[in-house]
Protein chains: 2
Amino acid sequence: MDGRSPVRQASVRAHNLALVLRHVAAASRPPSRADLAASTGLTRATVSALVDDLVGGGLLAEVGPAPRAGAGRPAAGLVLHGYGPAGLGLEINVDYLAGCVVDLTGTVQHRAIVHGDQRRLDPAGVLAAVADLGAELRAEAAAAGRTVAGAALAVPGLVSGVGLVHRAPNLAWHDVDAAGTLAAGPLGDLPLIVDNEANLAAIAELHADGQGLDSFVYVSGEIGIGAGIVLHRDLFRGARGWSGELGHVCVRPDGPRCRCGASGCLEQYAGQEALLRDLPPGEAGLARLRAEAALAEARLPAAGRSLGVALAGVVNMLDVDTVVLGGIFGPLAPWLAPAVEAELSQRVLTSAWSPMTVRASALGPAAAAVGAAGAVVRDILAEPAAWVRA
Amino acid sequence: MDGRSPVRQASVRAHNLALVLRHVAAASRPPSRADLAASTGLTRATVSALVDDLVGGGLLAEVGPAPRAGAGRPAAGLVLHGYGPAGLGLEINVDYLAGCVVDLTGTVQHRAIVHGDQRRLDPAGVLAAVADLGAELRAEAAAAGRTVAGAALAVPGLVSGVGLVHRAPNLAWHDVDAAGTLAAGPLGDLPLIVDNEANLAAIAELHADGQGLDSFVYVSGEIGIGAGIVLHRDLFRGARGWSGELGHVCVRPDGPRCRCGASGCLEQYAGQEALLRDLPPGEAGLARLRAEAALAEARLPAAGRSLGVALAGVVNMLDVDTVVLGGIFGPLAPWLAPAVEAELSQRVLTSAWSPMTVRASALGPAAAAVGAAGAVVRDILAEPAAWVRA
DNA sequence: TCAAATAATTCAACCGCTAAACAAATTACG
DNA sequence: CGTAATTTGTTTAGCGGTTGAATTATTTGA
């Protein structure tokens, strides 16, 4: 249904199945078949047939009739099936591995995180470890009666469409075939998505916020700085899937040299290394930065201004109205956000009549793992035809 | 067919009509029904039925059978109908009005341009003048046997979806209801699109280039600097339709103040006013800049570097691989492009393994008018169902 | 207890696509 | 020449999917 392929009756069915499912997911209370007919524009006869398929496929469940006001046969409410297919999300980051299982309703049912510097192992070792973590979670989910239908892996780097990690500078990875390696492991039977950590964290943010967010830039502050762009509740991937390299947007052409080879990249002003420069090293560095109010007050607003300059450029080009500060920028938002907001309101052309919103992410750590699982669920909900009578 | 609406059999028909039409438009030689069946994946029977409708609707025409090698019944070639519905494109710019009529094949059949400073008239006067221009072109087209099916107006400013010109700073327009005003004039019976000049010029570039360009940023250097972004042969509009404000991307946070209120905007380094600053005034200013080699060599590379810095940020976020220099930047490309390329190759993360292309626009003046007409044609070809048996 | 109201299902009709048979128009070749 | 081979395009039966109206199901209210 991508405009490039022919359409036959089966595609109509597939489209309308997804349409009904989307309306169930978006409804504020369990809708009846009649409600769905009204909201989708399909007839009740058609909706009934579609719902039958979706219930049969384990994607929808009926809930007991809610008490109604007025006469009439009571409606059977429909909800996403909490025990239908579920998504497994995995995340590799510089200083931890994480995973979780999310059901169709978007609820995180199982989660795990393993701290430790992943730069000590080679890529194959890291991938084996994360696969083991995933296999454990999958077993937990199976014990609870849920079937993991697919997996997604978040990586802090550039990923090509086929699951090849082109570069992950902070892991020192280079052309690692993540999809191929995982296919040989205990998760090899699952369909696998591999994507950038910021993209998947943005998906997590989108789902966590319910229906509130429509379009935003999610800024992922980890060792590097990435961005996931969501437009009209859909992830924006750019022309080749390598969008969102916010960390290497230029803030000052004559600024300090970046390890990417350019000069004055945002990462040199607001990256974790720049924020912690000259601080006593150690795991608690970031916590200390928050504690040392004087330093925070001096350093973070400057970083926020640089972040704001870079984001203003992005917003002038993409025209989103919301910026979400995630990763380490989330907890630091009280110090960063005012400066970001100030730069945006000064530099974004449309802010004169349509003010920008800057807020901290609603997500905790391992946001990308949650988003990865969410991406799997998203795909199931977007293409339910594969799940009915299969 | 936007994913938000129900799909019925009629939608299938509409989709496949558009599919067939797109394949005819993209073919290098007039395809037969059998060719189309093979390339679209539909059966020959279906393609025949669809083609009958399209020929009946005046969108396709049969050409005599081409000589073939080998046995078999000769094929009837199909081409876009040169005398079917046509698009009327109009452009309002600071120093001229332009218009043209483009047929379904993308050929410009009639064109007109009127030079003169449009800031002397009020918006209503300018709109009346451009409507008159459009009406003349429409009459010319009618005399030649072509029916104008719709119009599009390009404006150098921010346009909202309903045809309201929110701001056009260089025309000093503010909340001008262009669509409403034109609806009351001689073109009032035509469906009307109003869009930003850079967006429509990008569409013109897309069509002018045949099948070569897939994703690019078209930089429109006029009095201000705008950008039209094309991704996968489709115009990218951002979240609210106000994307592409390249002129106000920050190049140096502490640079000179811009009239938008911010500081260090690209327009202060590469805008027409900045390029011509301190040059003797007059219409020939730009020509003189080209002539005065010394000045050009000194000033344009610096402007190119600023342009490159801003574009590098854009490309890092959007991941396009081609930049097209349009408007006044087109003829100045020999001086600008090297500096732009240098900055891009240094600053764009992906350029290390996937080099960027920078080139001058293939279009002459009034590119936006051609693109506007192209946008109308595009819409007809994308939704042919409205034109068959109507 | 029965009428009104609302939910959900059933069924005939219609529409569009497919597959296969068929008709049309040309070349290849004995 | 004339027939076979080949390719294009059309016809027809069948199928899947939606519609709309009628029907069945289940509740409230008088």
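So that the names make sense, note that chain A is the first sequence line, chain B the second, and so on, each numbered from 1. Being a predicted model, the structure only gives us computed values, none of them experimental.
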Between CD of A:Gln9 and P of C:dG16 the distance, given in whole Å, is 10 Å

Salt bridge or not between A:Arg378 and A:Asp234? Use side-chain N to carboxylate O under 4.0 Å.
yes

State, with a plain yes or no, whether a side-chain heavy atom of A:Leu235 is found less than 4.5 Å away from one of A:Asp195.
yes

Does D:dG17 have its OP1 or OP2 closer than 4.0 Å to a side-chain nitrogen or oxygen of A:Asn16?
no

Around A:Gln109, counting heavy atoms of other residues, nucleotides and ligands shown, do more than 12 lie under 6.0 Å from its CD?
yes

Quick check: on DNA chain C, is the nucleotide nearest A:Arg8 upstream (toward 5') of the one nearest A:Gly77, or the reverse? Name the residue that is more 5'.
A:Gly77

For the side chain of B:Arg73 and the base of C:dA25, is some donor closer than 3.5 Å to an acceptor across the two?
no

How many whole angstroms separate atom CG of B:Leu78 from atom C1' of D:dT8?
12 Å

Does any donor atom in the side chain of A:Thr40 or A:His23 lie under 3.5 Å from an acceptor atom in the other side chain?
no

Verify, without hydrogens or angle tests, whether A:Asp319 (side chain) and B:Arg240 (backbone) share a donor-acceptor contact under 3.5 angstrom.
yes

To the nearest angstrom, the CG-C1' distance between A:Leu42 and C:dA7 comes to 17 Å

Side chain A:His232, main chain B:Ala239, donor-acceptor under 3.5 Å
yes

By nearest-heavy-atom nucleotide on DNA chain D, the more 5' of B:Gly72 and B:Ala76 is B:Gly72

Of the residues in residues 43-53 of chain A, which ones touch DNA chain D at a heavy-atom distance under 4.0 Å?
A:Thr43, A:Ala45, A:Thr46

Does any N or O in the side chain of B:Asn16 come within less than 3.5 Å of the main-chain N or O of B:Leu19, such that one atom is a donor and the other an acceptor?
no

Can you tell me if A:Arg13 touches the phosphate of D:dT18, counting only side-chain N or O atoms and a distance under 4.0 Å to OP1 or OP2?
yes

DNA chain C contacts among residues 23-40 of chain B, heavy-atom distance under 4.0 Å:
none

Quick one: which of C:dT27, D:dT8, C:dG16 gets closest to the side chain of B:Ala71?
C:dT27

Output every pair passing salt bridge (Lys or Arg N to Asp or Glu O under 4.0 Å) with a member in residues 71-86 of chain A, not counting sequence neighbours, ordered by first then second residue.
none

Could you state the atom-to-atom distance from NE2 of A:His15 to P of C:dC17 in whole Å?
16 Å

Taking the side chain from A:Ser48 and the backbone from A:Ala45, do they hold a donor-acceptor pair closer than 3.5 Å?
no

